[in-house]
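A short worksheet on the structure shown next.
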Number of protein chains: 2
Amino acid sequence: MKIEDEIKQAAFRNDHQKAHVNLIFTANWLQQQQSGFFKQFGLTLPQFNILRILRGQHPKPATVNLLIERMLDKTSNASRIVDKLEAKELVTRCVCPSNRRAVDIRISDAGLELLVRLDAAMDDQRFGVQNLAPAEAAQLSSLLDKIRD
Amino acid sequence: MKIEDEIKQAAFRNDHQKAHVNLIFTANWLQQQQSGFFKQFGLTLPQFNILRILRGQHPKPATVNLLIERMLDKTSNASRIVDKLEAKELVTRCVCPSNRRAVDIRISDAGLELLVRLDAAMDDQRFGVQNLAPAEAAQLSSLLDKIRD
DNA sequence: TGCAAATATATGTACATACATTTAATATCC
DNA sequence: GGATATTAAATGTATGTACATATATTTGCA
C-alpha cells in the first residue's frame with residue numbers, strides 16, 4: 001500500500017520527506033512483524049540479536065562491551081537484556097578470570113537448540129523484503145547506505 | 001558507510017537479508033539523529049508526532065482515538081504521551097461535551113509557538129535523506145511500499 | 001425500561017530505551 | 001607503593017511500548 005494511504009496524511013512536502021516518513025514507518029512495520037514471530041519462542045527481538053551474537057562467538061565468551069559493539073542498536077542496555085536471557089537459562093554469565101571487571105557471557109546448550117528451531121522457522125517465514133527482486137534488494141541497500149553517509 | 005562495515009558482520013546470506021538488516025539499522029540511525037534534535041526542545045519523537053497531528057487539526061480538537069489512527073506507530077500509548085504534553089502545558093484536555101466518554105485534546109498557544117521554532121530549526125537541519133537525489137528518494141519510497149504489500 | 005454490548009479512555013505490568021550515576025577492578029603516573 | 005584516572009558492568013530514573021484489564025459512557029435491542 002502506498003505510504004500516503006497507509007498513514008492517511010495529505011501530500012508530503014517533497015520526495016525527501018516522503019521517503020523519510022516511509023522509512024521510519026516501514027522499519028517499524030517490519031519490527032512488529034518480527035516481534036510477533038519471536039514471541040512464539042518466548043524471545044524479544046533484542047534478546048534474539050544478542051543470542052545470535054553469542055552463537056557467532058561460540059564457544060568463545062563475549063563481554064557486555066562486545067555485545068554493545070555488535071548490537072544493531074548500540075545504545076540499548078545489553079546488561080539487562082542478558083539478565084533476561086540468563087533467567088531463561090539460555091546464556092551463562094561468570095566473571096572473566098583474566099579481568100575481573102569483565103563478565104564472560106556464553107550461549108548455553110538450550111540457547112543453541114532454541115536458535116536451531118528459530119532458523120528453521122525463519123526459513124518458512126516470508127518477511128516483506130522477499131517481495132523485492134534480488135536487484136531491487138541490492139538497490140535498497142545502496143540507497144540506505146547513502147542516507148547514512 | 002556500507003552496512004557490512006557498519007555492523008562488523010561477515011557477509012550476509014543474500015541481498016534480501018542484507019537489505020532487511022540495513023533497513024532496520026538505518027531507520028534506527030535516523031530515529032537517533034532526530035531524537036537528539038528534539039531533545040534540545042524538551043520533546044521526544046512521539047511527543048512531537050502527536051503535537052504535529054494536533055496542529056493539523058487545530059483549532060478543531062482531536063480525540064485519543066484520532067491520535068492513535070494518525071500516529072505512525074499505531075500500537076503506542078497515546079493517552080500517556082498526552083499526559084506528558086499536558087504536564088508541559090503544550091496541550092489542553094477536557095471531556096468532550098457531546099460524548100462524555102471521549103476527551104477533546106487541543107494544542108495550546110505555547111504548543112503552536114514551540115512548533116514554529118521547531119519548523120525553523122528543522123529547515124536548518126540536514127537529515128540523511130537529503131543525501132538522496134529527488135529521483136532516488138522517490139525510488140526508495142517505491143521500494144518500501146513494495147515491502148509492505 | 002432495563003440490561004447487555006460496544007465504545008473511549010485510562011491504568012497496570014512487564015519489558016526495552018536513553019542517559020546519568022555508582023561500584024568495582026585495573027592501569028598509570030609520581 | 002599509593003593516589004588518581006580509566007575501564008567494565010550494573011543500577012537508578014524517566015520515558016516509551018505492548019498487551020491485558022478496568023472504568024465510565026453510550027447504544028441498541030428485547
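By convention in this document, chain letters (A, B, ...) are assigned in the order of the sequence lines, proteins followed by strands, and residues within each chain are numbered from 1.
- For Asp119(B) and Arg55(B), the salt-bridge test passes: some basic side-chain N is under 4.0 Å from an acidic carboxylate O.
- Computed from coordinates, the Ile68(B) CD1 to dA8(C) P distance equals 10 Å when rounded to whole Å.
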With sugar-phosphate taken as primed atoms, P, OP1 and OP2 and all else as base, the protein-contact string of nucleotides 1-7 of chain D at under 4.0 Å (heavy atoms; B, S, -) is ------B
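- If you measure from atom CG of Asp104(A) to atom C1' of dA8(D), you get 12 Å, rounded to the nearest angstrom.
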Just by protein heavy atoms under 4.0 Å, how would nucleotides 12-19 of chain D read 5' to 3' in B, S and -? BB-SSSBB
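- A residue-by-residue look at Pro97(A) and Asn99(B) shows that Asn99(B) has its nearest nucleotide of DNA chain C further toward the 5' end.
- Ranking dA8(C), dA10(C), dA9(D) by closeness to the Val64(B) side chain, first place goes to dA10(C).
- Note on residues 46-72 of chain A: pairs passing ring pair (Phe, Tyr, Trp, His ring centres under 6.0 Å), not counting sequence neighbours, are Phe38(A)-Phe48(A).
- Only one option out of Arg80(B), Arg93(B), Arg106(B) pairs with Glu86(B) in a salt bridge (Lys or Arg N to Asp or Glu O under 4.0 Å); it is Arg93(B).
- Not counting sequence neighbours, the partners of Ala138(B) by the side chain to side chain contact (heavy atoms under 4.5 Å, CB included) test are Asp15(A).
- In summary, the side chains of His20(B) and Gln34(A) do present a donor paired with an acceptor at a separation below 3.5 Å, with no hydrogens or angles considered.
- The distance from atom CD of Gln33(B) to atom P of dT17(C) is 19 Å, rounded to the nearest whole Å.
- Per the geometry, CZ belonging to Arg100(B) stands 16 Å off C1' belonging to dA10(C), to the nearest Å.
- Applying the side-chain hydrogen bond (donor to acceptor under 3.5 Å, both in side chains) criterion to Lys146(A), with sequence neighbours excluded, gives Glu136(B).
- Of the inter-residue distances, the one linking Leu23(B) atom CG with Asn28(A) atom CG reads 10.5 Å to the nearest 0.5 angstrom.
- To the nearest angstrom, C1' of dA18(C) lies 19 Å from CZ of Phe37(B).
- In terms of the side-chain hydrogen bond (donor to acceptor under 3.5 Å, both in side chains) criterion, residue partners of Arg101(B) (sequence neighbours excluded) are, by chain and number, Asn99(B).
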